[in-house]
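What follows is a set of notes on a single structure, which appears directly below.
The analysis underlying the following values was restricted to heavy atoms, covering all of them including side chains, and did not include hydrogens, waters or symmetry mates.
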Amino acid sequence: MRRRRRIVTLVAAATLGCVPVSAATPAAAAPAETAAAPAETAGDGLRAGQTYDSFIVTLRPAVSGEARATALARAARAGIDTVRTLATGGELLRVDEPRDADGARELMRGLAAIPGVAAVEPDLTVTRTSTPGDPRYGEQWPLWQVYGQTDSAFRADEAWDTGADGTGVTVAVLDTGIRPHADLAPNLTPGYDFIADPANTADGDGRDGDARDPGDWNDEGDCGSTAFSPSSWHGTHIAGLVAAVRDNGAGVSGVAPHATVQPVRVLGTCGGRDSDIADAIVWAAGAPVPGVPANPTPAKIINMSLGGYGPCGPTVQTAIDKAVSRGISVVVSAGNSASPAADHHPANCDGVITVGATGDDGYLASYSNHGDTVDVAAPGGWGYWRDNDPAHRVLSTVDAGAREPAGDSYGVMRGTSQAAAHVSGAVALMLSRRPGLTPAQVSEHLRRNARPLPLGAGWYNSPHPIGGGLVDVARTVHDVTGDPGGECGVCGGSAVVVDVDVPRDTPGAVYVAGDLSVLGAGHPDWDPGAVRAMRHVRTSSDGAQTPAWRVQLTGLTPETTVHYKLTLGSWDRVEQDRGCADVADRTVTLPPDGTLWAYATVENWSGVAACTGL
């Protein structure tokens, strides 16, 4: 059966703007408790060319029940239906015929003139903030890659060495829902579907306890689409970045592989409404929502990889305030418009951690929103000058279906959505070590330990600030545990990255053997199978790409010289020269501060390719 959908252009607006409007005309005498001041006035998030059919009216706190009923009855006489009361106290109203921006303003002025009304805002939409595109851990460059040009790294792998893994922390992922992917299922807890409009759900019903993602594909003409758009499985991708299971012999690892993910469905086939999102925030925080069962497992972190143009309205801000007051950190994506994040919400709401994106070159991603509204940055993929090759995007869990679910798979995306998910995972690592951190403390630790990104107008340097810079998870976890120096080998910035070019037909993985104890690797010196490199595609400044393996060595003692060889995991498969002789030891010296990049080229392997001589 073809799923029901309401095709209206308003959902293509992808905004969540708030427009409380002052009364335009004198109102009838109001009850004494509500006559003191006009409705609140704020910025206008409406856009020409879009239409709007849903509005939120917030009444003054002192309004009596009789005055509330009178106000809603007056709206009803004007042909406006009351849909429901929100968890924030606002009333969701809907008109039969969508209004353009001017018509919406006129309607809102009329609503604002009703006695007792404090604010009026459009109930608009947000969309996901990424674009679709541990055997595969080597492809997860955000977790381990060091950016030599910026002397920075996200360093989730080093944070794991402290024992931080997300245990005991629940992350609510407000998104498209989730698929019960095998790489996620052990870390899932029941969530909720908050999409109230059955025409936007794709599963044919409204709110219920089933947060599974049925797919958000669109045919041409649906929700303003100009061509067929396959299902994104965006919520599953975000959940995998936060907490995919580690060391299970399959797929990928999340940043916080022992954290719990609570799927909260707010984005349907045509995006998401702020009325649904606000209720979802309140529910995820463990506060009551009218008509919805209580959340038995409230989250400690709320991830919202979504957003749209416009100011932060009182409804969403009130929901965020409720969450923060309960000790929940709210992480949101900055947006993908390459514009000031201050113009987009919920990135511009108070009390949230707003996250911009960097690429796999360590610089501000070309699409990322930016500015002082952004708190920190994290890997989002693609980069400032990279092309759109999949190797430059972010790998995670998805479903294989182009429309309906078809089974577990893995896929790449890029965006500030992915950056926000990485930060939510980082916060989970922090809270697994110090559960008592407040949202303000979490934000402060992230900013204080971030690596500032260079500004300027050069080939790499962006002229736009992006908060405190790139999150350094290892450095931050050591800071929150009260041990800023500790045993974090990369916290001081001393590291060696070796890119190894190998024959294209090389069978199997590449390893490093050498003075491993000097590096704190936890392996005996010269163990031929000790340190495995990760598959990598090296891109030079002229865009040329070379298949390679990458090894990152973290030095505890700067300026130490390390001797090593490259092997295929055993001494009978050590690299040889063209004369079939073992190559001499390679050497590399740890820098006094910063990151050293070294390159090695292997022409032959003992026991693999025949030694042909000169």
Side-chain angles (χ1 to χ4, degrees), residues 134 137 140 142-144 154-175 178 181-191 235-248 250-264 284-286 295 297-305 323 327-331 353 355 376 378-379 394-397 417-439 441-443 445-446 449 471-481 483 486 488:
D134 283 55
Y137 172 70
Q140 292 186 270
L143 301 186
W144 49 263
F154 188 66
R155 292 184 172 122
D157 55 345
E158 294 290 335
W160 294 338
D161 291 342
T162 71
D165 58 13
T167 296
V169 181
T170 297
V171 182
V173 174
L174 276 59
D175 216 288
I178 202 165
H181 197 290
D183 219 0
L184 280 172
N187 288 344
L188 295 179
T189 194
T236 303
H237 198 269
I238 297 303
L241 295 178
V242 174
V245 179
R246 190 181 70 190
D247 298 327
N248 62 344
V252 296
S253 173
V255 176
H258 287 186
T260 298
V261 168
Q262 182 170 67
V264 185
N295 182 359
T297 55
K300 288 296 294 180
I301 304 163
I302 293 175
N303 184 93
M304 290 194 288
S305 291
I328 288 92
S329 293
V330 181
V331 180
I353 299 169
V355 185
V376 289
V394 179
L395 179 71
S396 186
T397 47
S417 280
Q418 282 61 44
H422 283 122
V423 171
S424 288
V427 176
L429 295 182
M430 295 163 63
L431 294 179
S432 69
R433 296 298 308 272
R434 276 191 63 188
L437 287 173
T438 67
Q441 289 172 328
V442 166
S443 181
H445 280 295
L446 287 171
N449 293 288
V471 167
D472 186 327
V473 188
R475 193 178 184 184
T476 305
V477 169
H478 277 276
D479 188 21
V480 301
T481 56
D483 186 17
C488 178

Any side-chain to backbone donor/acceptor pair from [X] onto [Y]? Under 3.5 Å, distance only.
X: His258; Y: Asp165; answer: no
X: Thr170; Y: Ala299; answer: no
X: Thr167; Y: Ser432; answer: no

Is there side-chain contact between [X] and [Y], with at least one heavy-atom pair below 4.5 Å?
X: Asn187; Y: Thr260; answer: no
X: Val442; Y: Thr438; answer: no
X: His445; Y: Arg475; answer: no

- Query: Would you say the side chains of Asn449 and Asp472 form a donor-acceptor pair under 3.5 Å?
  - Reply: no
- Would you tell me whether Gln418 and Ser305 have side-chain atoms, one donor and one acceptor, within less than 3.5 Å of each other? no
Closest approach of [X] and [Y], non-hydrogen atoms and distance?
X: Val171; Y: Ser424; result: CG1-CB, 4.3 Å
X: Pro379; Y: Phe154; result: CD-CD1, 3.7 Å
X: Ala426; Y: Val255; result: N-CG1, 3.7 Å
X: Ala428; Y: Ala256; result: CB-CB, 3.7 Å
X: Pro186; Y: Ala182; result: CD-O, 3.7 Å
X: Val173; Y: Val261; result: CG2-CG1, 3.8 Å

- Message: Could you tell me if Arg246 sits above the aromatic ring of Trp160, with its cationic atom closer than 6.0 Å to the ring centre and no more than 45 degrees from the axis?
- Response: yes
Would you compute the distance between atom [atom1] of [X] and atom [atom2] of [Y] and round it to the nearest 0.5 angstrom?
X: Met430; Y: Gln441; atom1: CE; atom2: CD; answer: 9.0 Å
X: Leu431; Y: Ser329; atom1: CG; atom2: OG; answer: 6.0 Å
X: Gln262; Y: Leu188; atom1: CD; atom2: CG; answer: 10.5 Å
X: Asp157; Y: Gln140; atom1: CG; atom2: CD; answer: 11.0 Å
X: Ile353; Y: Ile302; atom1: CD1; atom2: CD1; answer: 11.5 Å
X: Thr397; Y: Asp183; atom1: OG1; atom2: CG; answer: 6.5 Å

- His422: which of Ile238, Val394, Val355 passes side chain to side chain contact (heavy atoms under 4.5 Å, CB included): Val394
